Protein chains: 2
Amino acid sequence: MAKKQLIMEKALELFAKQGFEATSVQQITEYCGISKGAFYLAYKSKDELILALLDHFMEQYISDIDYTVKNTENESLLFSFYHSAFQTVQEHSNFAKLIIKEQAQTFNGDLFNKMQYYDQLLEQLIVTLIERLFGNTIIKYDLVSTIRGFMNVYTGLLLFHNIPFDIDHLSRSLSEKTKVLAEHCTIPFFTEEISMFIKKHRINKEISKGEILEILEQKIKELEASIEKESLLLLREEIINPTHHSAIIAGLLENIRSHPHCKWVAYLLRNYFGYGKN
Amino acid sequence: MAKKQLIMEKALELFAKQGFEATSVQQITEYCGISKGAFYLAYKSKDELILALLDHFMEQYISDIDYTVKNTENESLLFSFYHSAFQTVQEHSNFAKLIIKEQAQTFNGDLFNKMQYYDQLLEQLIVTLIERLFGNTIIKYDLVSTIRGFMNVYTGLLLFHNIPFDIDHLSRSLSEKTKVLAEHCTIPFFTEEISMFIKKHRINKEISKGEILEILEQKIKELEASIEKESLLLLREEIINPTHHSAIIAGLLENIRSHPHCKWVAYLLRNYFGYGKN
DNA sequence: TATAATAATGACTACTCGGTCATTTGTCAA
DNA sequence: TTGACAAATGACCGAGTAGTCATTATTATA
């Protein structure tokens, strides 16, 4: 599906410049050098393209950060977290621009739900990170919001001013800020009550064992014979009939973690098997 | 111009729900119970309405915060700043929602410039606030970004989750966080170099004496005889031919500061006369 | 080379948008 | 009651939209 990829890449460029609404299918097809019909052979609609685009990048973003968080010692955890996040932002700056611009502004129902879903995944990641570092501090949920605030603001600067940006330095600065807040703050805004209230008003989309198997199945079909495919097959067996040592599973997950098409399924499996340094 | 006001209010409701693009003039006129023609008698175009709306609310927002900052002792300055900001957000929640949703996402040139302009005014306000409290600390510009991050995140929560929101408590919590950062952080991200770089890439729209006089003139025409009008007339004299004591000017500014139609001109004059507690 | 299967085309439809303007309605003073 | 002026109307216009589909081009197979 080289055509799908082409469309996605070119469309992303236009979306980043102009936004979803303001970019017409016509414009996309012209920019790709294909016909309108060809577009609709690849994607059923403009909306489908947008949703596919969102999935493609958010899955990478989340799974990259997740891997980093799960495989870093506490000492450098905050630094690595920020670094990984900003790294991905810089690599996929067009997508990041698009997300910032479109933010909550989307009124398309499906799109909104998807965004919220990935948003919650990121939040969950941050929560576990904080719990690992600071335990059940009273300002746990304040720290979550604070970290998100840092990420928002500095991501905006990174993307919309062409500053000579030193991500290493930024990450060091932000992890100091986070630690300082964690150690010295005494007045939380989020009470347990309020955070429960927010949690309740969420749609929790848990991914079931069946769904994971489905995604696994599909990825197995996509790949040709390779270490990755082998690993996926073994991991499938392991889900259906758990037999192996956790070290073996960890190794199998390691095999697939950096393959672009496997990142997401690796993320899902890490969570399924409860794998991680914590 | 009751018609203009009606349109603005009703349109704001729709914009907050759906965004600028997604709201048609048709829809606005139906919601107002007027005809399309009537709409175009009040505003030359949809864009003009949007710009007018932005001016109307941002002028209030900025001048309210400015007044608070300029008239609060250092001790409670941070608290008052946050409180004033969140207060206004809560009062004009529809407008705030709109701003958050539309954020940088706007591709209309004029609109973008206006947003950036008000953005810079707010930033300038925060900078002077920080200078007053912490002097020329090395993390001055980091604090600015941090504060903006706090405002963004918690404003989002305030608006999009119907939490029982205690603004007093929130403001106390955030001012503690800000102080903690100011006192304990040692690794600034913003070097003097970077902040200069950003400053350079800005369009600085200074408001001239002439422009202030123009705005004054117009406001004088708008008002009927009243203390406010009287004060405006005296202030105009003062600009053209400065004679009075600064205490008198302060008093005159106080006279007009809370009148909705004068807030903006009061803000401009406060800056023109260099009035403030600092 | 002939045939079947697949990929790609772009004119076309049905619709929505912002904006216009000839016409009608409402409101005064004479 | 009349006439003059202002306020308000909504059918209409041109431009642009997402999506369709009969037709044509390309490729693979026999």
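What you are looking at is a predicted structure, and each value in this text was computed from that prediction instead of being measured. Naming: A, B, ... by sequence-line order, numbering from 1 per chain.
Side-chain contact between B:Ile227 and B:Ile256 is absent, with no heavy-atom pair separated by less than 4.5 Å. A:Phe20 is not listed as a side-chain neighbour of A:Asp47, based on a closest heavy-atom distance of 4.5 Å or more.
The separation between B:Lys3 atom NZ and D:dA6 atom C1' is 12 Å, rounded to whole Å. Protein atom OH of B:Tyr40 is 16 Å distant from nucleotide atom C1' of D:dA8, rounded to whole Å. For the pair A:Glu48 CD and D:dA18 C1', the interatomic distance rounds to 14 Å; values are reported in whole Å. One interatomic measurement links the two molecules: CD1 of A:Ile34 to P of C:dT6, which rounds to 20 Å at whole-angstrom precision. The nearest whole Å value for the distance from the CZ atom in A:Phe39 to the C1' atom in D:dC21 is 17 Å. Between A:Asp47 atom CG and D:dT17 atom P there is a gap of 16 Å when expressed in whole angstrom units. Here the P atom of nucleotide D:dT20 and the NZ atom of A:Lys44 are 11 Å apart, to the nearest Å. Atom CD1 of A:Ile50 and atom C1' of D:dT17 are 14 Å apart (whole Å).
Comparing D:dG19, D:dT9, C:dA8 by their closest approach to the side chain of B:Ser35 singles out D:dT9. For A:Lys46, the listed nucleotide lying nearest its side chain is D:dG19; candidates were C:dG19, C:dA8, D:dG19.
Between the side chains of A:Asp55 and A:Tyr118, at least one donor N or O lies within less than 3.5 Å of an accepting N or O. Side-chain atoms of B:Tyr82 and B:Gln87 include no donor-acceptor pair closer than 3.5 Å.
Shown here for B:Leu159 and B:Ala96, the closest heavy-atom pair between the two residues is CD1-CB, 3.6 Å.
Annotation: cation-pi geometry satisfied between A:Lys4 and A:Tyr43 (NZ/CZ under 6.0 angstrom from ring centroid, within 45° of ring axis).
Using a cut-off of 4.0 Å between Lys/Arg side-chain N and Asp/Glu carboxylate O, B:Asp66 and B:Lys263 are scored as not salt-bridged.
In this structure, A:Thr23 reaches the sugar-phosphate backbone alone: every heavy-atom distance under 4.0 Å involves primed, P, OP1 or OP2 atoms, never a base. B:Leu41 comes within contact range of at least one nucleobase, with a heavy-atom separation under 4.0 Å.
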With B for base contact, S for sugar-phosphate-only contact and - for none (protein heavy atoms under 4.0 Å), nucleotides 11-16 of chain D reads ------
